[in-house]
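Below is one structure, written out as structure tokens, with a few remarks after it.
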Protein chains: 2
Amino acid sequence: MASVGIGIIGFGVVGGGVIDVLRRDRGTIAARTGVDLELRAVISLPPYKTTDVLGAKLGSDIGLLTEDPQIRIALLLVGGTTFAKDLALACLAAGKHVVTSNKALIASHGDELFAAAKAKGVAISFEAAVAGGIPIIGALRDGLAANRIESITGILNGTTNFILTMMEQKQWSYHQALAEAQRLGYAEADPTLDVNGTDTAHKLAILSRIAFGIRVPLTALRIEGIQNVTAHDMASAARLKSRIKLLAMATQRDEGLELHVAPTLVPLDHPLAAVHMNYNGVYVVGSSAGPQLFTGQGAGALPTASAVLSDVIDVALGRAEQTFGSFGFVHQPKPPHFLAEADERTASYARFVTPDKPGILAGITQVLSARNISIRSIYQEETDEHQQASIELVTHPARGGDFLEAVAEIDRKGLTVATTVCYRRL
Amino acid sequence: MASVGIGIIGFGVVGGGVIDVLRRDRGTIAARTGVDLELRAVISLPPYKTTDVLGAKLGSDIGLLTEDPQIRIALLLVGGTTFAKDLALACLAAGKHVVTSNKALIASHGDELFAAAKAKGVAISFEAAVAGGIPIIGALRDGLAANRIESITGILNGTTNFILTMMEQKQWSYHQALAEAQRLGYAEADPTLDVNGTDTAHKLAILSRIAFGIRVPLTALRIEGIQNVTAHDMASAARLKSRIKLLAMATQRDEGLELHVAPTLVPLDHPLAAVHMNYNGVYVVGSSAGPQLFTGQGAGALPTASAVLSDVIDVALGRAEQTFGSFGFVHQPKPPHFLAEADERTASYARFVTPDKPGILAGITQVLSARNISIRSIYQEETDEHQQASIELVTHPARGGDFLEAVAEIDRKGLTVATTVCYRRL
């Protein structure tokens with residue numbers, strides 16, 4: 001069995017994980033797949049956490065990889081979109097296939113990289129960029145190749161899912177749960193891109209690309225993070241037999257494509273409701289296969305290494321070139337119509353904080369009714385007279401803009417005394 | 001884009017589904033994958049439910065397929081293991097790749113077919129043979145290529161899962177639920193191979209092959225179906241916050257490989273507990289990826305057609321040949337040790353029907369204790385004096401043989417007055 005030479009760029013968590021898997025399982029992988037992987041270079045800036053890199057050359061000069069004719073595949077396991085892009089282009093220009101875990105890079109610069117790869121007749125693969133070890137890219141692209149994808153609904157960020165799970169299970173505040181996530185290593189010191197939904201948005205853009213054959217400019221995606229989710233919201237969700245999850249949603253409607261990231265009430269009997277802690281889950285509806293669910297660990301050294309190496313094996317077998325060469329990354333004849341938030345269709349939850357006087361409920365229900373918004377459930381907890389009241393309701397599916405305009409009108413009419421809390425409800 | 005010629009053998013539910021998908025989506029598939037599929041022949045015995053087969057030749061002579069040089073791929077969509085095997089070998093001998101949904105064929109004759117395919121330099125693919133539209137073969141083989149698979153736990157038969165769901169949700173008897181399944185088309189007129197666990201066993205054998213790189217003689221698999229599950233068992237499971245599912249289990253232990261099919265108590269918080277009706281689910285634990293769950297529709301015309309066509313596209317792209325040529329279908333240096341049932345390690349449930357006299361509970365617990373079996377929970381419902389009593393208990397994990405021997409001894413000692421009902425508990 002001939003060996004296939006590979007080089008790693010980036011000796012962080014993922015790079016370390018790949019090396020650990022190769023140290024333990026190089027032989028098993030060779031027996032199982034027919035691919036014997038030889039690590040020949042590790043490119044990273046010192047200091048190095050260890051110099052035990054399975055006999056590969058270890059250094060900071062990218063030439064150790066690009067100028068080694070025996071290296072066929074470059075594993076780009078660094079983050080960011082500037083240096084990472086330059087490194088990717090250098091590897092492609094040198095005729096190396098590229099396998100990456102960098103979602104921001106693919107989401108932001110996918111077109112340029114795909115074009116560069118095609119020009120050199122090599123492939124760029126990115127299973128590890130979305131949902132960690134879950135082979136979701138392969139499932140969407142290959143397993144569901146004969147389907148029109150109708151919708152994707154995903155929990156794609158382990159940090160925020162861990163925080164929301166802790167908030168619910170322990171009745172903690174957002175800040176308590178974030179601190180615990182950081183303590184356990186599920187959140188970074190600067191968790192901004194996770195908690196504000198950006199990381200999830202990058203992954204949704206990538207999945208949508210594969211699923212719908214379109215470019216997804218990040219500006220087409222509405223993004224809302226979890227920073228404003230409160231323990232009170234969690235309790236309200238529980239009363240409604242739901243739980244709050246940060247969902248990435250892409251839905252193909254006749255009028256266009258609906259794409260957003262937002263914390264959403266998920267009914268307890270929905271398959272995604274059972275995805276907890278740092279796990280990810282992707283719920284896909286295909287035109288022939290119907291609904292499917294894929295869940296697993298969305299991050300971490302070994303799950304991500306599993307996805308990186310599955311791509312490496314796919315490339316080494318010569319399979320990726322065929323897929324990459326023919327897959328219709330952009331096969332829609334014209335750019336899709338991205339539905340505005342106002343034109344989304346969704347059920348909603350609202351919690352109104354109202355003054356204690358007659359006519360409030362009548363006023364609220366009349367504003368909704370005038371916009372043709374039908375109420376699915378309503379709840380007003382008992383309060384003493386002369387206290388503020390809290391009125392929570394859930395609507396049936398309605399036009400998003402109509403609902404938000406109704407909420408704004410309810411505020412303008414003085415029917416509320418605090419900001420109304422709104423969530424989509426799945 | 002050049003067309004790829006295909007031929008279908010079998011114009012039943014699956015064949016009809018494939019034709020329906022091609023009728024609707026040939027163009028979409030071509031745009032998405034770069035593969036334009038041209039149906040050139042449909043081989044089946046008359047009478048034909050329709051002659052509208054997209055312009056293909058329709059007839060009963062296999063030569064319409066094997067002798068057409070423009071047909072590259074044969075879709076073998078018939079059941080059984082005698083004619084189907086002959087047809088498969090004829091197609092392979094004619095240099096055609098074969099894509100099949102026939103699990104009994106692959107489970108029983110996989111070796112012979114793989115060898116024939118390799119000898120001709122063609123591929124044989126069978127995603128549709130297991131779990132309908134769920135791309136589980138691809139996930140196990142490609143997505144988890146860099147993992148050692150530690151265990152597979154699956155709900156792999158929609159008929160039995162539908163029956164068990166109905167029994168639980170409506171408190172029906174097995175026979176009532178089976179009649180409803182047949183009425184709705186979820187069970188055949190002769191449901192034997194579904195309800196006795198054989199269909200599930202075939203699928204487990206195929207998954208184990210891919211996961212562990214071993215041959216799985218069907219004699220190595222212990223099979224127990226659902227024909228003896230009662231509404232009373234369902235109620236007992238519910239009291240234990242579990243539900244009964246027909247599980248296929250393959251577990252790699254240090255001592256060997258544990259393989260069985262049996263109705264099992266599944267705790268409600270296990271991911272597989274949420275797989276209902278005719279849906280399938282596969283829970284896999286990989287050495288690097290960790291636990292993953294794949295769920296979706298396990299049968300039906302369109303879900304199965306989705307899997308068949310994903311294989312056809314994989315073959316048409318030239319990918320399957322590379323995988324098939326190098327994948328280590330049998331890569332373990334020596335045959336595995338299949339653990340005997342006695343050596344399995346599992347938690348168990350038992351319901352003893354006991355006479356009304358003192359010393360019964362002491363006797364039962366003493367027999368278990370003497371075999372080092374630890375009790376996790378126990379429940380004896382209140383009954384009047386001089387009535388039979390029912391004692392239900394759940395053990396912690398123990399050696400299967402020790403538990404079954406304890407149950408037998410309890411019977412021999414006259415501590416019971418009816419057959420003891422036992423289940424594994426996940």
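Per chain, numbering begins at 1; letters A, B, ... match sequence-line order.
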Original post:
Out of Val21(B), Leu309(B), Asp25(B), which one racks up the most heavy-atom pairs below 4.5 Å with chain A?
Top reply: Asp25(B)
Original post:
Which region of Gln322(A), side chain (C-beta onward) or backbone (N, CA, C, O), has a non-hydrogen atom less than 4.5 Å from a non-hydrogen atom of chain B, or is it both or neither?
Top reply: both
**OP:** Under 4.5 Å, heavy atom to heavy atom: which of residues 147-158 of chain A reach chain B? Give them by number, or say none.
**Re:** Asn147(A), Arg148(A), Ile149(A)
Let me check something: any side-chain donor-acceptor pairs from residues 269-280 of chain A under 3.5 Å, sequence neighbours excluded? List them with distances.
| unit_1 | atom_1 | unit_2 | atom_2 | d |
| --- | --- | --- | --- | --- |
| His270(A) | ND1 | Leu272(A) | N | 3.0 |

Original post:
Between Phe162(B) and Tyr186(B), what is the ring plane arrangement, given parallel below 30°, perpendicular above 60°, and tilted in between?
Top reply: tilted
Original post:
Would a distance-only check, ignoring hydrogens and angles, find a side-chain to backbone donor-acceptor pair under 3.5 Å from Ser242(B) to Ala238(B)?
Top reply: no
Subject >> Distance-minimising heavy-atom pair for Asn161(A) and Lys245(A) >> reply: OD1-NZ, 3.2 Å
Subject >> Arg26(A) portion near chain B, given a 4.5 angstrom heavy-atom threshold >> reply: neither
Original post:
Does Ile210(B) reach the side chain of Phe126(B), with side-chain heavy atoms less than 4.5 Å apart?
Top reply: yes
Original post:
In terms of heavy-atom pairs under 4.5 Å with chain A, which of Ala139(B), Gly290(B), Pro291(B) leads?
Top reply: Pro291(B)
**OP:** Find the one option among Ser287(A), Gly132(A), Ser288(A) whose heavy-atom pairs under 4.5 Å with chain B are most numerous.
**Re:** Ser288(A)
**OP:** Pick one of side chain, backbone, both or neither for Leu144(A), based on which atoms fall under 4.5 Å of a heavy atom in chain B.
**Re:** both
Subject >> Heavy-atom side-chain proximity of Val99(B) to Ile73(B) below 4.5 angstrom >> reply: yes
Original post:
Donor-acceptor pair, Arg243(B) side chain versus Thr165(B) backbone, under 3.5 Å?
Top reply: no
**OP:** Among the options Gly286(A), Ala289(A), Gly138(A), pick out the one with the most heavy-atom pairs lying under 4.5 Å from chain B.
**Re:** Ala289(A)
Original post:
Less than 4.5 Å apart, any side-chain heavy atom of Glu321(B) and any of Val122(B)?
Top reply: no
**OP:** Take His97(A) and Ile124(A) through the test side-chain contact (heavy atoms from CB on, under 4.5 Å) and record every step on the way to the result.
**Re:** CA-CA 6 Å; His97(A) 302 279; Ile124(A) 178 162; over 6 Å; no
Subject >> Matching residue for Ile8(A) among Leu76(A), Ile19(A), Val14(A) - test: side-chain contact (heavy atoms from CB on, under 4.5 Å) >> reply: Ile19(A)
**OP:** Check Leu77(B) against Gly15(B) and note the closest heavy-atom contact, atom names and distance.
**Re:** CD1-CA, 3.7 Å
**OP:** List in chain and number order the residues that pass side chain to side chain contact (heavy atoms under 4.5 Å, CB included) with Ala128(A), two or more places apart in sequence or in another chain; answer none if no residue qualifies.
**Re:** Ser101(A), Thr304(A), Ala307(A), Val308(A)
**OP:** Enumerate by number any residue of residues 311-320 of chain B whose heavy atoms lie under 4.5 Å from heavy atoms of chain A; in the absence of such residues, state 'none'.
**Re:** Ile313(B), Asp314(B), Leu317(B), Gly318(B), Arg319(B)
**OP:** Among the options Glu127(B), Arg24(B), Met1(B), pick out the one with the most heavy-atom pairs lying under 4.5 Å from chain A.
**Re:** Arg24(B)
Original post:
If you tally heavy-atom pairs under 4.5 Å against chain B, which of Ala146(A), Gly133(A), Gly296(A) wins?
Top reply: Ala146(A)
**OP:** Would you indicate whether the side-chain heavy atoms of Pro135(B) and Gln292(A) approach each other to under 4.5 Å?
**Re:** yes
**OP:** Could you check which of Val282(A), Ile29(A), Val35(A), Leu37(A) has the highest count of heavy-atom pairs closer than 4.5 Å to chain B?
**Re:** Ile29(A)
**OP:** Would you sort out whether Ile137(A) and Leu207(A) count as a side-chain contact (heavy atoms from CB on, under 4.5 Å), showing the intermediate values?
**Re:** CA-CA 7 Å; Ile137(A) 301 282; Leu207(A) 291 182; 4.0 Å; yes
